[in-house]
Amino acid sequence: QKEVEQNSGPLSVPEGAIASLNCTYSDRGSQSFFWYRQYSGKSPELIMSIYSNGDKEDGRFTAQLNKASQYVSLLIRDSQPSDSATYLCAVKGQNFVFGPGTRLSVLP
Amino acid sequence: GAVVSQHPSRVICKSGTSVKIECRSLDFQATTMFWYRQFPKQSLMLMATSNEGSKATYEQGVEKDKFLINHASLTLSTLTVTSAHPEDSSFYICSALKGVFYNEQFFGPGTRLTVL
């Protein structure tokens, strides 16, 4: 059973702080890694894709991948209340596998 | 990014009726689309993988005769919930796979189904 694990949260951070979201996966053959944001009552929205070890930055978001440790993370700098959502980690080996999501709450 | 649409966004129907949900990739072709169901405060649950021109692959526990999937073109997949019952009430979300080597999955806005 290929698994993707995330801390369910909620993770609460003050406005302006850095939010750190973590994800581990079991399938060593995984090649593609994604972070989705899902607001309550809405569908998931792709915010980052990462395919090689290291960091990938896009605006306030940085994805970090460590394939040896089977670990992928998402950092959100200068967190805003509008970042409050559930963040889903997804991993693709032979198939896509989604984690259960981490609920982030950014407090004004 | 990429745009995936779903129609209708919301539907209310009587128990025993059938409901069809359409999923379209608007600015790219998708040989593979996925159908998910999500109950309130729960994780996404993959129902089936829809491949253009072939039969859908259903996840374990999903009744293929109840949830009919048709992927007739590279931009359209449909999910028909047949003889709907109140327990089928849920948020149904489709997604489409974009890319050849590095695939990314883009989601439609979802369809909220309420069966009375």
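Residue numbering restarts at 1 for every chain, and letters A, B, ... go by the order of the sequence lines.
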Proximity breakdown for A/Lys92 and chain B, heavy-atom pairs closer than 4.5 Å: side chain
N/O donor-acceptor pair under 3.5 Å between A/Ser43 side chain and B/Ile93 backbone: no
Contacting region of A/Glu45 [heavy-atom separation from chain B under 4.5 Å]: neither
Heavy-atom pair of closest approach, residues B/Asn103 and A/Tyr51: O-OH, 4.3 Å
Joint hydrophobic cluster, B/Ile69 plus B/Val62, side-chain heavy atoms closer than 4.5 Å: yes
Straight-line distance of B/Thr49 OG1 to A/Asn95 CG, nearest 0.5 Å: 7.0 Å
Rounded distance [0.5 Å steps], CD in B/Glu104 versus OG in A/Ser32: 8.5 Å
More than 12 heavy atoms of other groups within 6.0 Å of B/Lys20 NZ: no
Spatial distance of atom CZ (A/Phe98) from atom CZ (B/Phe34) [nearest 0.5 Å]: 8.5 Å
Flag side-chain contact, heavy atom, 4.5 Å: B/Lys41 against A/Thr86: no
Non-hydrogen side-chain atoms of B/Gln105 and A/Tyr36 separated by less than 4.5 Å: yes
Flag if over 12 foreign heavy atoms under 6.0 Å of NZ, B/Lys66: yes
Which portion of B/Leu97 sits near chain A, non-hydrogen atoms under 4.5 angstrom: side chain
Under 4.5 Å from a heavy atom of chain A, the part of B/Gln42 involved: neither
CZ/B/Arg37: more than 12 non-hydrogen atoms of other groups inside 6.0 Å: yes
Same apolar cluster (I L V M F W Y, side chains within < 4.5 Å links), A/Phe34/A/Leu21: no
Whether over 12 other heavy atoms sit under 6.0 Å from A/Lys42 NZ: no
Atom CD of A/Gln94: over 12 foreign heavy atoms under 6.0 Å: no
Close side-chain approach of B/Phe107 to A/Leu46, heavy-atom, < 4.5 Å: no
B/Val115 reachable from B/Val11 in the ILVMFWY side-chain graph, under 4.5 Å edges: yes
